Amino acid sequence: MTDDARNKGSDSTRRSFLKASTALTGAALAGVPGLADAQSPSKKHPKRGGTLRFGTREDTIGLDTHRNIIYFVSTPLTGITGGLVDFDDKMQPKPAVAESWEASKDLQTWTFKLRRGAEYHNGQTIDAESVKWNIERIKDPKIGHAFTRSVLADVERVTVDDKHTVQFHLKDPHAALDINLIYYPVNLMSPGAVDTADTHPVNCGPFKFKTWRRLDVTELVRFENFWETDSEGNNLPYLDGLVGRPKKEDRVRLTALRTNEVDLIDNVAYADAPAFKKDHGRTFDTWPVPQVGTAMMYFNLKNGLLSEKDNPDAHLLRQAIAHAIDHEGIHQAVFNGIGEISKGFYSSASPWHVKDIEGWPKFDLDKAKALRKKAKGGDEKFTIIANDTFPYMQQSGELVHAMLKDAGFNAVLEILPGPVMLEKQNKGDYNIDSTANSYRLDPDGWYGRNILSTAPETRRRNGYKNEKADQIILAARKEGDRAKRRQMYADVETLVNRDLPMLYTHFVPLMMASNKARVKGYNVSYSGPWSYTGAGMRRTWIEG
Amino acid sequence: MLAYTLRRIAQLVPVLLVLTVAVFGFVEALPGSVLDTLIGTEGGDDAETREILAKEYGLDRPVHERYAKWLVRTVQFDFGNSLVTRRPISLELMSRIPATVYLATVGIMLSMMIAIPLGTLAAVRRNSAIDYTAQVTSLAGISIPEFWFAILCVLLFSLYLGWLPSSGYVSPFEDFWGSLQFLILPAAAIGFRQAAFTTRLTRSSMLDELSKEYVDTARALGHSERKVIFKYTLRNAMIPTITISGLQLANLLGGTVVLESIFAWPGIGRAIFEAILQRDYPLIQAGVLVLGCIVVVMNLLVDLTYRLLNPRVKFA
């Protein structure tokens, strides 16, 4: 492994944060003090068997797991995926298809030793050539999903040392390639089955593909030759199969759980979570996930009223906007008091959280009004956009729109579908975007891809540039000491909260719920039930 | 009759051609591009990737060229592949149409089974308790939003009584009796609302027919009331009912997106809705075109049914 000292050094911090976060989030979700209800997976002896029925908000849009984003939390198809590296309940990288790995001193060459005997679902051996083929396929802009490709942006080439050794050669040093390979998943599929990738994918995860009808059903069955075993040497996963039932509406999903039509659901609505836990806690386990993402107001700095390029008082206007936004109002009205208000990208439940970040300008309506009057363009019309897919983005947008109106801003709100949002972002045809970004296991996944001025996403979306922030982010990539890295990113957050290219608003929590009598051994982490050594869906079984 | 039918079918050709132009034009005019969806976020909006993908999916060609190509393929029933799922569109549609047809047909049949007897009875026994009951019930059916009624049904029959599943779908070809369990609630939600409209229509149509001279003549000739109502009056009164029910059925085939969401029913309405969200042009075009064809064909069938109900109807 690359950095044992680093991993060991952070263990205590991570344990404490997980304990604290589970307690805090569980308490927040319940509205009462104490821990979440979910039973410890270790208390009952596991049994092999059963088919788990999983009700999800989302479904995959296609079967080729390189071409489509495979959202860990909500996509049943994730069960077929597997990769070089997994993580554990402390979110440490753990061996998966790669048994061990190490980085060169300059962090530009990473060598992965593959597990002998690991197979794809069709029996093909997972060898170095097939890993190379997978990485090259994902990096192909005609094929690989942009998000997964961005993980591999620094990978210049992959070489095969021998049948079980593969090397990643990077353009620039990177301390977190191993972690970035987990999320979003750089997953491996059988080169021999590439022709059926869109109709019958053959991967190497704990479950094999059986059938899929979009927005109807995903059926998976246990992969008997999955590499992982439990402490007694029994093959994992325990489940015989998994049936995904996408049900987009939150209350439809919750009703299906209560009527025993599904065993496990994701995304209990914020409005329902406290009452559900209180009223049905005896029958259903609940699984709080403290932070699946971070919500924010993104400002367009590429052009327009809030950009220094077009308005010399743009920063003053952004400060006025920040003073007009009541974070507590968003916390209560949008998130129903669940989770935390965010001052940076990482919540108190994360190992990357730092307390002493200099926060954003505090809510002060009078100050907001005064700054707006003082700034050039304070009376001009500007546009807030929000994606219609995620209720909290839309509701935050509506609330911020009302708050800005209170401060005398001439703001208009547009709730738009995804493709129109993307088009507006690309063209810079907006001023504020009510949005969110998913949790990143390593901070470079956020700062290096969304704050660094040269990153494609920063350039595409808001054009923020701060040379000092850039220097810190690039230096952090090469820094092996975790504590130092954490402080470096905290320094970047302070710059962000001063410059205001975006205004962090709230962490996005999530609650899963399961049938207590049937679902046993289940546990969940930040990214839901998958890629999770020693827990998650692999260690779940069905009782009765 | 045969000549009329053939003439009507021939008239469908220009209608369908206009429909293809409208469908293609509408999809082209949608703001946002499938390229944005395919490129996504974090990959950057670099021109090179955009160009590669545009070429890959044929989106670099002029609109008229793409329309011509699409039309030629469409008339051969080759809709191509979805840009998003990359699976054949015919497969995508064929996996959805049976579920929608199943739900819409049973929903309409249910509505007619309620509406025709109730509307007829209300007209025959005008101003009686049964008439008032039928009118109040149908007014309630029209006033109550379909989705709200559906949610009430789920609460009562699934959550509290536990008689029926709250959502989901089983194909009747896989398990017919099992599929009925999942069908009852959504079909009832559709049937109740459609029955409200049809009951009122049947009642007013029957009242209209009952006031006509031929009814008095039939009664004067000594025919039984049952024969007067069912053999003579009802058949004539059915013409507007059949017309409306046919159009309702055509509407339902594409317009049950909300109910499909509530009952997690994998119908074509949701498939097209999702395709619009993804800007999956070929899937939207094929889906809307298929629905348009269904409406046109339903209209034709309704017209032809008039003759079956009343042989005196002459086709010009």
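Lettering of chains follows the sequences in order, A, B, ..., and the numbering in each one begins at 1. Since the structure is predicted, the reported quantities are computational estimates derived from the model, not experimental observations.
Checked against the 6.0 Å centroid criterion, the rings of B/Tyr67 and B/Phe24 qualify as a close aromatic pair.
Heavy atoms of other residues, nucleotides or ligands lying less than 6.0 angstrom from CZ of B/Arg87 number more than 12. Other residues, nucleotides and ligands contribute over 12 non-hydrogen atoms within 6.0 Å of the CD atom of B/Glu28.
Of the two parts of B/Leu53, only the side chain, counted from C-beta on, holds a non-hydrogen atom closer than 4.5 Å to a non-hydrogen atom of chain A. Residue B/Glu260: no heavy atom, backbone or side chain, is found under 4.5 Å from chain A. When heavy atoms are compared at a cutoff of 4.5 Å, A/Asn450 approaches chain B solely by way of its side chain, counted from C-beta outward. Residue A/Asn437 touches chain B through its side chain alone, counting heavy-atom pairs closer than 4.5 Å. The part of B/Tyr57 that comes within reach of chain A is its side chain, from C-beta onward, which places non-hydrogen atoms under 4.5 angstrom from that chain. For a residue to count as touching a neighbouring chain, one of its non-hydrogen atoms must lie under 4.5 Å from one of that chain's; by this rule A/Arg459 does not touch chain B.
Side-chain contact annotation: A/Asn426 with B/Asp36, donor-acceptor N/O pair under 3.5 Å present. With 3.5 Å as the limit, one finds no donor-acceptor pair spanning the side chains of A/Thr383 and A/Glu414.
Scored by the side-chain hydrogen bond (donor to acceptor under 3.5 Å, both in side chains) test, A/Thr211 finds A/Glu219 as partners (sequence neighbours excluded).
Ranking A/Lys248, A/Arg213, A/Arg258 against chain B, the residue ahead of the rest is A/Arg258, based on heavy-atom pairs under 4.5 Å. Contact count against chain A (heavy-atom pairs under 4.5 Å) is highest for B/Pro165 among B/Ser82, B/Ser95, B/Ala264, B/Pro165. Comparing A/Gln425, A/Arg67, A/Lys247 by how many heavy-atom pairs each has under 4.5 Å with chain B, the most go to A/Arg67.
In this structure, A/Lys171 does not pair ionically with A/Asp154, as no charged nitrogen and carboxylate oxygen lie closer than 4.0 Å.
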